[in-house]
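To find a chain, count down the sequence lines: A is the first, B the second, and so on, and within it residues start at 1. Since the structure is predicted, the reported quantities are computational estimates derived from the model, not experimental observations.
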Protein chains: 2
Amino acid sequence: METLNAAELLAALGHESRLSVFRLLVEAGPEGIVASAIGEKLGLPPATLSFHLAHLSRVGLIRGRKESRFIRYCAEYATMDELIAFLTRNCCQGEACLPKTATCDTIAKRRKCGDGNP
Amino acid sequence: METLNAAELLAALGHESRLSVFRLLVEAGPEGIVASAIGEKLGLPPATLSFHLAHLSRVGLIRGRKESRFIRYCAEYATMDELIAFLTRNCCQGEACLPKTATCDTIAKRRKCGDGNP
DNA sequence: TCCATATTTCAATAATAGTCGAAATATTGA
DNA sequence: TCAATATTTCGACTATTATTGAAATATGGA
């Protein structure tokens with residue numbers, strides 16, 4: 001991933017409403033959530049929600065599939081992963097970095113960078 | 001550190017110039033880089049660079065320390081770590097996610113989320 | 001077909017962010 | 001003190017983004 005593309009993804013997530021939508025979908029898992037339910041949960045007017053969903057879709061962070069009258073959205077985990085990989089690539093010259101504890105098991109593993117450790 | 005404002009951090013990184021600055025500092029490691037060298041490397045005019053450095057500093061993604069006439073900036077790895085932890089917290093309902101290969105050892109470990117695996 | 005519901009598009013407006021020359025400030029070494 | 005260099009602030013301008021009501025489109029069920 002190049003810088004330009006990463007900046008686009010980060011900008012998409014750098015908005016309170018869009019980040020809330022994305023987090024909701026990340027937590028929802030592969031099953032996703034239909035648009036109207038997202039709007040209800042976050043209290044966003046239809047036009048506003050549509051605008052933000054379109055933005056997140058355009059950059060590839062979420063995907064929507066038509067399902068009868070609804071559109072069901074889910075997070076694109078692969079895109080998020082690439083983004084995180086980009087952010088941490090070649091980090092910190094082999095020093096320890098990213099040392100904080102975290103909630104998710106996998107995050108807890110992410111303690112040192114570039115130290116060749118399992 | 002105050003409470004994490006993830007959208008603010010993401011918006012700060014969601015600009016090509018700022019992301020370039022941040023990546024440069026992430027790769028530079030704890031030693032950091034002086035402002036003028038950053039500007040030269042990225043081809044940013046002093047006023048523009050100052051604007052972006054101030055922005056990144058304000059949200060806590062980088063830190064500058066005066067060093068004689070220069071200001072030496074370095075990445076705040078802890079902030080980035082909190083941000084990544086936030087993005088991946090409670091992800092995907094125990095399904096496999098973030099499955100892509102990555103450059104950094106620590107990233108390579110980050111393969112499943114919430115599966116109770118080491 | 002007709003109605004109710006889901007979502008998008010349109011359009012006007014409001015708000016915010018980015019750019020960078022020039023002037024100001026700070027620091028150091030001569 | 002003076003000149004050179006590093007960085008910030010100011011100010012004016014440009015560009016982009018966000019908001020949302022209302023109208024349009026799409027779908028499925030009665």
For [X], report the nucleic acid contact type (base, sugar-phosphate, nothing); a contact means any heavy atom under 4.0 Å.
X       : value
A/Ser50 : base
B/Pro45 : sugar-phosphate
A/Ala35 : sugar-phosphate
A/Thr48 : base
B/Arg18 : sugar-phosphate
A/Ser68 : sugar-phosphate

What is the distance from [atom1] of [X] to [atom2] of [N], rounded to the nearest Å?
X       : N      : atom1 : atom2 : answer
B/His52 : C/dA17 : NE2   : P     : 12 Å
A/Arg72 : C/dT5  : CZ    : C1'   : 16 Å
B/His15 : C/dT16 : NE2   : C1'   : 13 Å
B/Arg69 : C/dT25 : CZ    : P     : 19 Å
A/Leu49 : C/dT9  : CG    : P     : 13 Å
A/Phe51 : C/dT13 : CZ    : C1'   : 14 Å
A/Arg58 : C/dT8  : CZ    : C1'   : 15 Å
B/Leu42 : C/dC20 : CG    : P     : 13 Å

Checking side chain to side chain contact (heavy atoms under 4.5 Å, CB included) for the pair A/Leu25/A/Leu56: CA distance, chi angles, key distance, verdict? CA-CA 11 Å; A/Leu25 293 174; A/Leu56 288 167; 5.9 Å; no
By side-chain hydrogen bond (donor to acceptor under 3.5 Å, both in side chains) - contacts of A/Glu27 (at least two apart): A/Arg23, B/Asn90
Show your working on side chain to side chain contact (heavy atoms under 4.5 Å, CB included) between A/Phe51 and A/Arg18 and close with a plain yes or no. CA-CA 10 Å; A/Phe51 172 82; A/Arg18 280 193 299 269; 4.2 Å; yes
Whichever of B/His55 and B/Ala47 has its nearest DNA chain C nucleotide further upstream toward 5':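 Its nucleotide being nearer the 5' end, the pick is B/His55.
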Applying a strict under-4.5 Å side-chain criterion to I, L, V, M, F, W and Y, I'd like to know whether B/Leu24 and B/Phe70 cluster together. no
To the closest 0.5 Å, what do you measure between CG (B/Leu61) and CD (B/Glu8)? 9.5 Å
The first and last nucleotides of DNA chain D lying within contact of chain B, meaning any atom under 4.0 Å from one of its heavy atoms, run from D/dA4 to D/dT9
Taking C-beta and beyond as the side chain, do A/Ile33 and A/Lys41 meet within less than 4.5 Å on heavy atoms? no
For a side chain to side chain contact (heavy atoms under 4.5 Å, CB included) check, start with the C-alpha distance between A/Ile71 and A/Leu53, then their side-chain angles and the critical distance, and finish with the verdict. CA-CA 11 Å; A/Ile71 299 182; A/Leu53 288 172; over 6 Å; no
